[in-house]
Peer 1: 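Dropping the structure in here first, questions after.
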Amino acid sequence: MMIALHARDVLDNRSFLFLLPTGMEFQSINPKDGTVIASYRVMGEDEVASIVEASHAAGKGWGITSIPERQAALNRLADLLERHQSTLAQLMTDEMGKVLYESKAEVKKCAQCCRYFAEHAPQLLRPKETPTEAIRSYLMLAPLGVILGIMPWNFPLWQVMRFAIPTLLVGNGVLLKHADNVFGCALALEDLFAQAGFPENLFRILLIETLHIEAVIAHPAVEGVALTGSERAGRAVSRIAGAHLKPAVMELGGSDPYIILDDADLDLAVRCCAQSRFRNAGQVCIAAKRIIVTPGIYDDFLDTLTDIVDGISCGDPYVDTMTMGPMARDDLRHNLQRQVQDSVAMGARVIRGGDIIDGPGYFFQPTLIAEVDETMPLFTQETFGPVAVVCAARDESHAIELANASRYGLGASVFSSDLDRAERIARDEIECGAGFVNAVVKSEPAIPFGGVKASGFGRELGSSGIRAFANLKHVYVD
């Protein structure tokens with residue numbers, strides 16, 4: 001037998017060593033120093049089938065519970081998240097490397113998500129009357145059944161909650177295939193849902209390899225799939241879901257443009273761009289990945305952003321003075337290094353950073369690169385790391401053209417002191433799922449989240465997230 005860390009009981013601060021048989025397939029690696037945190041065995045086919053069927057059975061009962069019962073469960077879950085904030089934050093920082101204060105903020109955001117949907121459940125789930133000749137005619141939201149979520153590692157709790165909470169609220173069961181480097185977070189969530197009093201097996205974790213996902217989607221008890229991940233993964237999973245006639249929501253990353261017009265508030269624009277780009281070590285799908293600046297403000301913007309990059313402290317994510325931790329995996333920083341080097345070879349100019357930091361752990365220098373154009377990898381590919389890319393636009397029209405010169409369309413932000421002008425551009429001109437004005441693109445419970453083009457389809461959160469995996473069922477009484 002081998003000993004491996006297990007997330008159960010971690011929330012009670014008890015020992016959480018658990019004996020697992022040999023034949024481990026997954027390891028959780030601390031990106032701060034490359035040490036092994038935990039090992040997990042791959043679940044066998046029979047075990048997975050048993051979990052899927054148990055979740056299906058649990059969902060049958062959950063789907064007919066009252067709205068007040070669902071509200072109470074969500075509020076209990078929020079209480080637990082708040083009570084165990086420090087422990088959960090430490091687990092996130094251990095597994096994927098974000099600085100500790102960011103991890104704590106993520107736990108708080110998850111609790112807020114639970115409370116938002118609990119508070120607004122009656123309005124979100126209320127049947128909508130439809131005018132017909134019937135005595136009663138209305139559209140209601142009915143659950144579909146068990147929904148599979150395939151989630152990434154960059155926000156180990158929030159990515160799960162923004163999919164799972166609306167899905168559960170409408171009456172579905174949830175299966176989670178999390179990224180294998182954050183299985184500890186996944187198992188901690190499973191424990192939290194159980195402690196909060198959700199029905200046994202309603203929210204379950206699948207410790208499976210990617211090649212087994214197709215069989216889970218094909219299972220008759222699974223009624224839909226949500227994925228947040230790469231464009232390649234989205235194409236594969238949506239193809240499988242389509243083959244089995246099952247609804248899907250795909251959030252596939254982005255290359256968000258931030259347009260800085262000549263009349264923008266310089267300090268605000270720079271602060272928002274830096275916050276967006278370097279938060280979570282730049283590993284954010286809605287980060288400011290292409291900062292497009294018009295001539296009248298370009299030089300001042302670049303100088304001010306350089307000063308901010310100089311002030312970023314990169315190091316041990318548990319040290320309070322650090323503002324950026326390591327990247328989550330070694331392969332990710334080497335891919336980022338390749339994107340930088342290839343773009344520099346094509347004419348991009350490194351202002352600060354631009355390379356891997358030698359030593360233990362998966363650290364990458366806070367980086368600022370200018371003179372990037374639409375032919376370079378830093379423009380055409382999604383960058384997932386602490387690299388701020390600045391592009392020069394000739395004027396407003398050219399800035400809009402550059403913003404749309406991407407196969408991605410997740411979020412976008414426009415900075416200008418003329419609110420009507422900025423709103424027009426964000427609303428009418430930019431091809432994206434969410435247009436922001438003078439603000440960082442963000443996800444929050446009330447705002448439908450998702451994109452267009454290669455950024456995917458469907459929406460999470462808000463009223464759209466409630467409908468994503470609901471049967472829009474019409475009832476006609478005559």
Side-chain angles (χ1 to χ4, degrees), residues 92 95-96 98 102 106 109-110 113 147-168 172 174-183 185-186 189 203 205-206 208 210 213-214 216-217 222 224-242 246-256 276 279-287 289 327-329 332 381-385 407-411 432-434 441-445 447-462 464-469:
M92 270 194 286
E95 289 198 314
M96 60 76 55
K98 69 179 68 193
E102 290 181 339
E106 183 171 336
K109 187 174 184 178
C110 290
C113 182
I147 309 300
L148 172 66
I150 305 167
M151 296 293 125
W153 46 263
N154 56 331
F155 291 94
L157 300 189
W158 172 243
Q159 297 277 182
V160 176
M161 301 299 266
R162 79 181 195 200
F163 145 72
I165 297 306
T167 301
L168 288 164
N172 297 306
V174 166
L175 296 171
L176 172 63
K177 187 326 189 167
H178 217 328
D180 54 53
N181 59 325
V182 291
F183 274 162
C185 290
L189 277 175
F203 180 97
I205 305 304
L206 298 178
I208 60 175
T210 301
I213 289 174
E214 181 170 2
V216 176
I217 297 173
V222 174
V225 58
L227 177 138
T228 298
S230 69
E231 180 185 346
R232 179 181 177 186
R235 291 182 185 279
V237 170
S238 60
R239 187 163 53 244
I240 296 166
K246 297 182 180 182
V249 171
M250 298 285 121
E251 196 274 276
L252 309 180
S255 185
D256 286 11
S276 176
R279 178 172 65 104
N280 207 35
Q283 300 164 124
V284 182
C285 56
I286 49 174
K289 291 174 183 166
M327 294 182 65
R329 299 198 315 257
L332 297 170
Q381 300 172 9
E382 180 178 20
T383 54
F384 222 65
R407 67 178 185 273
Y408 296 105
L410 190 53
C432 62
V441 178
K442 60 182 178 180
S443 63
E444 61 179 48
I447 301 174
F449 184 85
V452 295
K453 301 195 290 189
S455 288
F457 53 85
R459 294 294 182 268
E460 297 173 328
L461 299 173
S464 299
I466 289 285
R467 290 169 171 258
F469 296 108

Peer 1: My understanding is that only residues two or more places apart in sequence, or in another chain, count here; which of them pass side chain to side chain donor-acceptor pair (under 3.5 Å) with R407?
Peer 2: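 Residues passing side chain to side chain donor-acceptor pair (under 3.5 Å) with R407: E231.
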
Peer 1: Quick one: does any side-chain atom of R239 pair with a main-chain N or O of G234 as donor and acceptor, under 3.5 Å?
Peer 2: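 Side chain of R239 to backbone of G234, a donor-acceptor pair under 3.5 Å: no, none is there.
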
Peer 1: Got a sec, which residues hit side chain to side chain donor-acceptor pair (under 3.5 Å) with E460, two or more places apart in sequence or on another chain?
Peer 2: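 For E460 the side chain to side chain donor-acceptor pair (under 3.5 Å) partners, ignoring immediate neighbours, are R162.
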
Peer 1: Report the residues that fulfil side-chain contact (heavy atoms from CB on, under 4.5 Å) with K109, sequence neighbours left out, ordered by chain and then residue number.
Peer 2: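 Partners of K109 by the side-chain contact (heavy atoms from CB on, under 4.5 Å) criterion, ordered by chain and then number, come out as Q112, W158, S443.
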
Peer 1: Going by the rule salt bridge (Lys or Arg N to Asp or Glu O under 4.0 Å), which residues pair with E444 if we only count those two or more places apart in sequence or in a different chain?
Peer 2: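 Applying salt bridge (Lys or Arg N to Asp or Glu O under 4.0 Å) to E444 gives K442.
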
Peer 1: With sequence neighbours left out, write down each residue that passes side-chain contact (heavy atoms from CB on, under 4.5 Å) with A328, or none if nothing qualifies.
Peer 2: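 Applying side-chain contact (heavy atoms from CB on, under 4.5 Å) to A328 gives M96, W153, N181, Q283, L332.
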
Peer 1: Test of understanding: with side-chain contact (heavy atoms from CB on, under 4.5 Å), list the residues that count as partners of S230, not counting sequence neighbours.
Peer 2: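 Here the qualifying residues are R232, A233.
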
Peer 1: T228: which residues meet the side chain to side chain donor-acceptor pair (under 3.5 Å) condition with it, sequence neighbours left out?
Peer 2: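 Checked T228 against side chain to side chain donor-acceptor pair (under 3.5 Å); zero matches.
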
Peer 1: List in chain and number order the residues that pass salt bridge (Lys or Arg N to Asp or Glu O under 4.0 Å) with K453, two or more places apart in sequence or in another chain; answer none if no residue qualifies.
Peer 2: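 Checked K453 against salt bridge (Lys or Arg N to Asp or Glu O under 4.0 Å); matches are E431.
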
Peer 1: Using side-chain contact (heavy atoms from CB on, under 4.5 Å) as the criterion, list what pairs up with S255, not counting sequence neighbours.
Peer 2: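 Scan of S255 (side-chain contact (heavy atoms from CB on, under 4.5 Å), adjacent residues dropped) gives K289, R290, S406, Y408.
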
Peer 1: Answer whether the closest heavy-atom distance between the side chains of M161 and L189 falls below 4.5 Å.
Peer 2: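 Sidechains of L189 and M161: in contact.
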
Peer 1: Hey, does S276 have a side-chain heavy atom less than 4.5 Å from the side chain of V284?
Peer 2: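 Not in contact.
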
Peer 1: Of all residues at least two apart in sequence or in a different chain, which pass the ring-ring contact (aromatic ring centres under 6.0 Å, His included) check with F449?
Peer 2: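 ring-ring contact (aromatic ring centres under 6.0 Å, His included) check on F449 returns nothing, list empty.
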
Peer 1: Find the distance between CD (Q159) and CG (L176) and round it off to the nearest 0.5 Å.
Peer 2: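 Going from CD on Q159 over to CG on L176, the span is 11.0 Å.
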
Peer 1: List for me each residue that meets side chain to side chain donor-acceptor pair (under 3.5 Å) alongside K177, sequence neighbours excluded, and say none if there are none.
Peer 2: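 Not a single residue meets the side chain to side chain donor-acceptor pair (under 3.5 Å) criterion with K177.
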
Peer 1: Would a 4.5 Å heavy-atom cut-off, applied to side chains only, mark I447 and L461 as touching?
Peer 2: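 The answer is no; the side chains never approach within 4.5 Å.
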
Peer 1: What's the spacing between R279 CZ and K98 NZ if we round to 0.5 Å?
Peer 2: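 Answer rounded to 0.5 Å: 8.0 Å.
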
Peer 1: Please list, chain by chain and in numerical order, all residues satisfying salt bridge (Lys or Arg N to Asp or Glu O under 4.0 Å) with R329, sequence neighbours excluded.
Peer 2: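 So R329 forms a salt bridge (Lys or Arg N to Asp or Glu O under 4.0 Å) with D331.
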
